[in-house]
Structure formats: C-alpha cells, structure tokens
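Before any comments, here is the structure.
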Amino acid sequence: MSSSTELTEKKVFLLKSLDGVIFEVEESVAVQLEVIRELIEGDCARPFISLYNVTSEILALVIEYCKHHAETCSGGTSATIADEDLKTFDNEFMNVDENILLELCSAADYLDIKSLFELTCRTLASLIKDRTIIEVRKMFNVENDFSVVEEKAVRKEFAWAFK
Amino acid sequence: MATSNNKKQMNESPFLPLEVFFNILLCLPAEFLFNCGRYVCKAWAQIIRDPIFIKSHVLMSKSGLLIQGRLPQNFLFVEIKDDKLQERHLKHNFPGMLLSGCRGLLLFYLPDPCKSAFRVLNPITMQEEILPFPFGTFRGDFRCYIVYISQTEEYKVICLYSKARPLNWDVWTLGIDREWRSFFAPTYDSEDILSSVSVAEVVYVTVKPTNIIAINLVIEKFGFIELSREILTLPYLCVDVKNTLSFLVKQGANACICVLRDLEKQELVKVCEIKDTFRGMDVSSDRFASIGWLENNWFYVFQRRLSGHLRNNRLEVYDQNIGKARA
C-alpha cells in the first residue's frame, strides 16, 4: 500500500511487455509514448499498462531512447548543444541489427512516438535505397504478389521510360 | 519449445502495417520508387500510385534543379549537398524538350506534330497527360509554363505566342479541360517577347521594356504593369526570387538581381550583384538562360552558350555567400 502511494508521488508508471516483463518509467518518459499519454490522461494507467505488441527487448530500447530524449530536453543545456547531442545519440542508437530496426519502427508506430518513428523510417529508407527488388522483398518479408502479366502491364504502361 | 518459437519470431521481420511502408517510402528518392519500389509488391505499387502519397512525397523532397542538356536525353539534376553543389546525370529518358516544371510535375514539348505536342509528366510515378498542339498552323516561337494553383489544387498549362497579333495565349487545366481555352490582350502585339517568367500563380510577359503583362492564372485575367524606372531601360530578364517578380539587370560586365518590392511605389530592391561575369553578354538573347535558385535562394544558376563554342553550354552558379559566380 505504502509503495503504491510512493509511486504516485514520484509519478512512475509500469509498462508490461508482450513477454510479461514489467518496466518502471517516470512520467516524463512515459508521456513521450502518445498511446500511454492518452491512457494516463484517461486515468487508465493503473496498475500497469500492458503493451501486447512489444517484446521486452524492444521495449527496453524504446525506453532508453525516450529517457535520453527526455533528459536532454529538460537538462539546462542550450538548444544547439542539445540538438547536437540528440543527433549523435540517434545515430548511435540506429546502429543496430536490421531486424531490431524493423521491430523498433513497428513499435514506434504502435506506441505512437513520432520522433522515433520518423528516425527509424529514415534509417530503413537509407538501408534499402541501393538494394534490388528481391533484396527489398526479403528484408521486409513481403511476397511478390504480381503475376507475370500484371508485372508486364506495369512495365509496359511506361515503356518509353526504359528505352 | 517456447524459446525456439521465440527465436523464429525474432528472425522473421515483423509484418509492418501499410502506414509504416507509406512513411518509409516517403523517405526514398523518386528514382528508387520508379526503378524498384513499385515492383516490390502490389501494396507498394498501390502506395506509390496514390495521389496522397505523391503529394506528400513532393512536399518532402528537397529542392534541386532539373536541367536539360543540349541533347534531349541529357538530364542533369543539380542540388546542394553539404554546402557543395552536386550534379547527377539522370538515367530516365524523358519524352522531349523540358519547358517548365512546377511542384513535382514537368512539362515537355515534343516537336513532332504526329505525336501530340505537350506531355505533362510526374517523374515519380511516370503518369502523364498528353496535350495536343494548341496552335493550328502557327510557326512562330512560343513560351510555355506549368503553374500550380493552390486554392483549387489544380495545375494549369499556359502557352504564349510571340510575333502574334494581338498577343494571345492558351490555357489548359490538367485533368479537367479537353481543349485549350484561348485568351488575348487586345492592345498588344507580341512582336517579340523580350522576357517572360512564371512566379507562383502569375505569368509575366514583357513585350516593351517598361511594360509587363501579368496573367493571373487563378482568375484567368490579365493586367499591365508599367515600369518607369531607369534601371529597366537596360537589358533585363524577368526572374523569380522567392515567389516575387524580380529582374536580372545587366550593366556592363556586372548584373544585379532586383526584387520588385512594391508595385505601387515602383520600388525595386537590389538583392545581389554578380560581378565580372556578364562582359559582352546579352542576357535577353538565347545564349543566356536563367535557370533558377537553389537552397533558400543562396545560389542562382544560369546557363550560357559561349560564343564560338556552339557545343559548349556552360552552367554557372552564383553563390551569394561568397558573392562570386563559378562554372
């Protein structure tokens, strides 16, 4: 009981991942997740918030990202230094395995974290920029659902463009 | 068992919802969308074809200039990257002579009467609209622009004829018109169009040095601008600076760019001066072409054909930061 009041005082929220791991986050971090902010405002954030689409591995990364962004923005440093710092952090943060990146992107979309979503989209775009059609399909795990006729039709439509 | 299942899940990329793909594709260059993106799967092709996507992509794209070389298939894309001017030769084979471009659409002219005349092309989706020749037996010169009307979200193509009596022009609204609509300015003969430019939704045409006809394509009406300034008796070209009618005025070896700040007061403001580049050059001849601005109007790009080197088109850029022009 006493611990619960303490939690309210510090404004800490509990997030539960898909695989049942519970993370404790401060309000400044939690509100960056638009989905959770809505829950907090609607007073539906107790006792903990279950996030059914995010694994603990990814949630830990998301929280790390939000924490850093919250701290940098609230710290007394000037805007330009904070900007530089966030840029460096973001660059390093994106230096992860492709699959992790895809899951981060999906999580950022689900949790509605605009800056992380844009960051992951940009990073994924720069990764696939120079890849072939087959490599792109493999990376995103999408199937070629064009029939031979359909694909020909797409090409033929603008045939002069390939001359 | 559970762990292996988990592992398997980790190795497989999660299936991303369409809106995620939409946002990833927005970050990719048009070349990728054209050569690769639209063949990945039907869902991707659908996104790339979607007018909302096209519009968002155009808004995201950074500014650059597409320049056609002497041969119709030579296209150069010039942009500023890391404060440096970069040029890229494009692989696409575009359908004719590039006349004008506006908010992601390009206007081409095909000088073959059997094959229609103008093509408006979206270089991202390669969608095009073909417009017929507006002029029956007309053999003179013409000027053509494509203009975006933000209020109605329409694109209009305007074609003006020089050596026409009276000065007349035709307008075509893309996706709506089935034929050209004709207009004319009764008291004006367009013996020679000295200079013309499209600035936002208005096309300006000069027939006499101190007289400019402004054609507003939103309301499709025209008016006259009288310029009494001495400065404009010198050879000049109408240019567009930050969506304001401006003039490139040549004075000896130098040229300056003046913005028409206030029409009523006839107030011209000099925004930059390009020194020692224009010796012996006639800006109103076809040896000189004003191409446009890059990166917040810090760079002004123009092209000139060197005398004695007919094959040699030189592209020059004036950098306002250092106040110099370079080739």
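Just so it is clear, the values below take in all heavy atoms, side chains as well, and ignore hydrogens, waters and symmetry mates. Just so it is clear: chains get the letters A, B, ... in the order the sequence lines come, proteins before strands, and each one is counted from 1.
A salt bridge is absent between A:K138 and A:E135: the closest approach of a Lys/Arg side-chain nitrogen to an acidic carboxylate oxygen does not fall below 4.0 angstrom.
At a 4.5 Å heavy-atom cutoff, the contact between A:F117 and chain B is made by side-chain atoms alone. Using a 4.5 Å cut-off between heavy atoms, A:T132 touches chain B through its backbone atoms (N, CA, C, O) alone. Only the side chain of A:D109 comes within contact range of chain B, with at least one heavy atom under 4.5 Å from a heavy atom of that chain. Of the two parts of A:E98, neither the backbone nor the side chain holds a non-hydrogen atom closer than 4.5 Å to a non-hydrogen atom of chain B.
Counting heavy-atom pairs closer than 4.5 Å to chain B, the top-ranked of the candidates A:D97, A:I128, A:L124 is A:I128.
The aromatic rings of B:Y109 and B:F118 lie tilted to each other, with the angle between the two planes from 30° to 60°. Between A:F140 and B:F21, the ring planes are perpendicular. Angles over 60° get that label, and only those under 30° would be called parallel.
For NZ of A:K67, the number of neighbouring non-hydrogen atoms (other residues, nucleotides, ligands) closer than 6.0 Å is 12 at most.
Panel note: side chain B:N23, backbone B:E19; a donor-acceptor pair is recorded below 3.5 Å.
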